[in-house]
Peer 1: 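Following this message is one structure expressed as structure tokens.
Chain letters run A, B, ... following the sequence lines, proteins first and then strands; every chain starts at 1.
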Amino acid sequence: MKQYLQKAVGEVLSSLHYSSGALFFEKPKVAAHGDLTTNIAMLLAKEAKKNPRQVAQEITGALHPDPALVAAVEIAGPGFINFRFTPGWVVESAKEILRQGSAFGKTNPANGRLTNVEWVSANPTGPLHSGHGRQVILGYTVANLLEWTGHAVTREYYFNNAGNQMLNLGESIYARYRESLGDSYAFPENGYAGEYIKDIAAAIAAEHGDALRESGEDKKYFRQRGEEWCFASIKKTLERLGVRHDVYYNEDSLYSSGKINEVIEEFRAKGLAYDLDGAVWLKATELGLEQDRVIVKSTGEPTYRLPDIAYHREKFRRGFDLVVDIFGADHIATIPDVLAGVRALGYETENVKVIIHQMVSFVEGEEVVKMSKRSAKVYTLDELIDEVGADAVHYFFVMRSANTHLEFDIELAKEQSDKNPLYYLQYAHARIASILRFAQEQGYPVDDVAALLPSVANALLKEDAEVNLLKLLLDFPEMIQSCAFGYEPHRLTTYLREVAEAFHRFYHDCRVLGEDKSLSTARVALCLMAKTVIFNGCTILGVSAPEKM
RNA sequence: GCACCCGUAGCUCAACUGGAUAGAGCAUCAGACUUCGAAUCUGAGGGUUGGGGGUUCAAGUCCCUCCGGGUGUACCA
């Protein structure tokens with residue numbers, strides 16, 4: 001419909017010698033203002049030095065939309081042009097929902113664009129903690145949204161199993177191992193204090209006894225065992241949330257393949273790197289940043305910036321033309337350096353989309369749940385899943401805009417009542433399923449789309465509650481596009497809540513199964529449409545849509 | 001100090017590239033089940049969008065400034 005109006009109004013504009021560059025349609029906030037509106041007359045009025053309403057008159061006077069689609073065109077307020085759809089068009093388009101079923105909502109504006117979404121990327125030094133949940137879920141949902149809008153998505157996890165943190169992990173496990181042998185052995189100052197370190201150490205002690213007591217300087221075995229354990233733990237947690245990555249990209253491969261040195265040499269050749277105090281510095285000030293940064297430490301080890309730059313360049317070399325990174329706000333400082341570096345290597349960073357989410361705090365009713373990374377008592381993501389369930393983890397972490405601080409209410413997430421927005425949504429789905437089961441018993445062709453389609457007619461579905469529900473359901477594909485375009489999954493949760501609400505309203509106002517068989521069939525079809533949209537939305541969110549609760 | 005994010009109803013938050021009367025949920029109050037799931041629905045009250053300036057026909061949204069909160073600001077990742 002938007003495309004139709006875009007074209008029709010666009011033609012009118014050019015016939016009137018107006019520019020149509022700023023022509024947009026949007027859904028008015030207030031239903032009384034019609035189904036779609038445009039502000040084009042007010043924008044044109046300025047350059048034409050005319051009254052906006054007068055410009056709107058000119059446009060509508062020359063506009064003759066198809067009466068089968070558009071019921072009314074009105075000029076309102078300071079010069080908005082409002083369009084109202086015909087009920088016939090609404091009902092006719094709604095048939096698509098039934099025809100497409102589980103594919104309804106999928107569109108292809110991105111046309112197979114090769115897209116890399118990188119997220120989680122936690123190093124294997126411990127289990128995922130509850131705060132990681134936000135980015136785990138955010139990336140999962142964004143990747144789904146991109147896929148539903150035609151991106152060819154590669155889901156990627158970037159990790160480093162070679163740096164200082166890993167050495168520290170090995171040392172920490174070794175220390176716990178010695179303790180378990182009854183030795184008094186100093187625990188590393190910044191060692192990992194978590195209980196899991198003791199578990200790993202205990203497992204090693206059980207297998208090897210004291211045979212590894214004198215491992216000398218090399219704690220490689222301990223490090224390896226730690227890495228295996230941590231990765232297994234992380235992957236298991238992700239699995240519980242249905243999160244899968246296509247590629248695990250090891251930072252180490254950037255060294256072994258010489259990609260790191262290549263970048264250094266290129267920076268040197270471009271005069272963007274210099275030596276000072278035994279370290280190699282990136283001339284970031286040359287790239288418009290505040291200060292120069294070390295890329296190779298005086299010890300000879302690169303800082304994280306260098307591999308990050310090389311890694312991003314590799315993504316482009318691998319053929320991706322959209323690169324999406326998801327970071328927590330605590331990593332925000334690294335981004336400008338990395339982008340500047342990539343740009344200096346000759347790549348367009350406008351195709352790098354960095355999504356930064358703000359921090360999460362957990363509350364249980366009135367109480368704030370304290371969590372400290374350094375302390376031994378870390379609330380893991382696994383424990384959060386145990387506590388509230390995978391569905392609530394999915395829903396609650398994307399419920400709010402990424403760039404605002406998120407308050408995760410554990411008590412609310414557990415609550416099985418109308419207070420919990422997730423339950424409200426799932427209840428709507430279960431309720432529809434229940435009605436459809438009942439309808440099936442009565443002999444309605446619930447599973448037979450071809451048999452239901454003819455009943456979908458505007459002579460039958462004409463109550464306000466029915467038409468409003470239909471219109472809302474028809475917004476679904478565009479809603480997904482706009483969520484994907486803005487990387488804003490939280491808007492999908494709001495939308496789905498509205499769908500559930502519109503359905504409950506319809507259920508309340510209109511009896512589905514009544515005396516009139518053809519009307520009942522039409523309403524069964526409408527139930528099925530609502531169920532389809534809720535189901536598809538839940539699929540994108542990674543939330544289950546239960547048949548019964 | 002500097003950079004980024006936030007400040008909207010008692011609480012948690014929406015508001016699509018600036019649009020019309022700033023919206024939901026929870027909480028509070030008042031109502032609705034002999035009928036397909038009351039885990040539902042209907043209604044009411046609740047606001048100077050942190051303060052002040054500016055741009056615009058139009059500002060919660062853009063610009064400047066001040067105040068308050070968060071996250072960073074490493075030869076850690």
Peer 1: Compare the minimum distances between each of C2(B), G37(B), A14(B) and the side chain of S401(A), then state the nucleotide with the smallest one.
Peer 2: A14(B)

Peer 1: Using purine N1 to pyrimidine N3 plus N6-O4 or O6-N4 for Watson-Crick, or N1-O2 and O6-N3 for G-U wobble, both under 3.5 Å, which nucleotide pairs with U21(B)?
Peer 2: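 Base partner found: none.
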
Peer 1: Using atom C1' of each nucleotide, how far apart are U48(B) and U42(B) to the nearest Å?
Peer 2: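 Between the two C1' atoms, the distance is 32 Å.
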
Peer 1: Measuring only the C1' atom in each nucleotide, how far is C11(B) from G51(B)? A whole number of Å is fine.
Peer 2: 23 Å

Peer 1: Can you tell me if H245(A) uses its side chain to pair, donor with acceptor, with the backbone of Y157(A) under 3.5 Å?
Peer 2: no

Peer 1: Report which part of the nucleic acid S417(A) touches: base, sugar-phosphate, or nothing (heavy-atom distance under 4.0 Å, all strands).
Peer 2: nothing

Peer 1: Of the nucleotides A20(B), C75(B), A14(B), which one has an atom closest to the side chain of V294(A)?
Peer 2: C75(B)

Peer 1: P124(A) and L169(A): which non-hydrogen atoms are nearest, and at how many Å?
Peer 2: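 That closest heavy-atom pairing would be O-CD2, 3.5 Å.
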
Peer 1: Can the ring centroids of Y249(A) and F159(A) be said to lie less than 6.0 angstrom from one another?
Peer 2: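 No.
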
Peer 1: What's the closest nucleotide to the side chain of Y507(A) if the choices are A38(B), A77(B), U35(B)?
Peer 2: A38(B)

Peer 1: Name the nucleic acid region contacted by Y424(A), choosing base, sugar-phosphate or nothing; use a 4.0 angstrom heavy-atom cut-off, strictly under.
Peer 2: sugar-phosphate

Peer 1: Picking from C41(B), C57(B), A39(B), which would you name as closest to the side chain of L43(A)?
Peer 2: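 Nearest listed nucleotide: C57(B).
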
Peer 1: Pick the C1' atom in C5(B) and in C57(B), then give their distance to the nearest Å.
Peer 2: 32 Å

Peer 1: If you check the D418(A) side chain, which of C26(B), U71(B), C75(B) turns out closest?
Peer 2: C26(B)

Peer 1: As a test of reading the structure: which of U12(B), A24(B), A77(B) is closest to the side chain of R400(A), going by heavy atoms?
Peer 2: U12(B)

Peer 1: Does the side-chain ring of F80(A) sit on the six-membered ring of the A20(B) base, less than 5.5 Å centre to centre and under 30° in tilt?
Peer 2: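 So F80(A) counts as stacking on the base.
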
Peer 1: Heavy atoms only, 4.0 Å cut-off, all strands: where does C527(A) land among base, sugar-phosphate and nothing?
Peer 2: nothing

Peer 1: Select base, sugar-phosphate, or nothing to describe what Q426(A) touches, counting heavy atoms under 4.0 Å on all strands.
Peer 2: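 No contact.
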
Peer 1: Give one of base, sugar-phosphate or nothing for T404(A), where a contact means two heavy atoms less than 4.0 Å apart.
Peer 2: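 Contact class for T404(A): sugar-phosphate only.
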
Peer 1: With a non-hydrogen cut-off below 4.0 angstrom, is A279(A) in contact with a base, only sugar-phosphate, or nothing?
Peer 2: base

Peer 1: Give one of base, sugar-phosphate or nothing for N82(A), where a contact means two heavy atoms less than 4.0 Å apart.
Peer 2: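 Base contact.
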
Peer 1: To check you understand the geometry: which heavy-atom pair defines the closest contact between D325(A) and E118(A), and what is its length?
Peer 2: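 Taking every non-hydrogen atom into account, OD1-OE1, 3.6 Å.
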
Peer 1: Closest approach to the side chain of H33(A), judged atom by atom: which nucleotide of U73(B), A14(B), A20(B) is it?
Peer 2: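 That would be A20(B).
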
Peer 1: Considering just the side-chain nitrogens and oxygens of K297(A), establish if one lies under 4.0 Å of OP1 or OP2 belonging to C76(B).
Peer 2: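 For K297(A), the contact criterion (side-chain N or O under 4.0 Å from OP1 or OP2 of C76(B)) is met.
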
Peer 1: Nearest to the side chain of H490(A), which nucleotide is it out of U71(B), A15(B), G37(B)?
Peer 2: A15(B)

Peer 1: At 4.0 Å (heavy atoms only), tell me whether N39(A) reaches a base, stays on the sugar-phosphate, or touches nothing.
Peer 2: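 Base: the residue N39(A), judged by heavy atoms under 4.0 Å, touches a nucleobase.
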
Peer 1: Reckon M549(A) touches a base, only the sugar-phosphate, or nothing at all at heavy-atom distances under 4.0 Å?
Peer 2: base

Peer 1: Under the side-chain hydrogen bond (donor to acceptor under 3.5 Å, both in side chains) rule, what do N39(A) and T37(A) come out as? Steps first, then yes or no, please.
Peer 2: CA-CA 7 Å; N39(A) 63 351; T37(A) 185; over 6 Å; no

Peer 1: Considering every strand and a 4.0 Å limit on heavy-atom distances, what is the contact class for D277(A): base, sugar-phosphate, or nothing?
Peer 2: base

Peer 1: R293(A) side chain: which of G37(B), A15(B), U73(B) is closest?
Peer 2: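 My answer, after comparing the listed nucleotides, is U73(B).
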
Peer 1: What nucleic acid atoms does A45(A) come within less than 4.0 Å of, heavy atoms only: base, sugar-phosphate, or nothing?
Peer 2: nothing

Peer 1: Check every strand shown and say whether V512(A) touches a base, only sugar-phosphate, or nothing at a heavy-atom separation below 4.0 Å.
Peer 2: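 Base contact.
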
Peer 1: I want to verify a distance call: between A15(B), A38(B), C57(B), whose nearest atom is closest to the R491(A) side chain?
Peer 2: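 Ranking A15(B), A38(B), C57(B) by closest atom to the R491(A) side chain puts A15(B) first.
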
Peer 1: How far apart are the closest heavy atoms of A56(A) and I81(A), and which atoms are they?
Peer 2: CB-CG1, 4.0 Å

Peer 1: Does the side chain of F267(A) come within less than 4.5 Å of V263(A)'s, by heavy atoms?
Peer 2: yes

Peer 1: Write out a two-atom table: protein N or O, nucleotide N or O from nucleotides 43-46 of chain B, distance below 3.5 Å.
Peer 2:
none

Peer 1: Which label fits F362(A) and F408(A): parallel for a plane angle under 30°, tilted from 30 to 60°, or perpendicular past 60°?
Peer 2: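 Tilted: the ring planes of F362(A) and F408(A) meet at 30° to 60°.
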
Peer 1: Give the ring-plane orientation class for Y427(A) versus H504(A), where under 30° counts as parallel, over 60° as perpendicular and anything between as tilted.
Peer 2: parallel

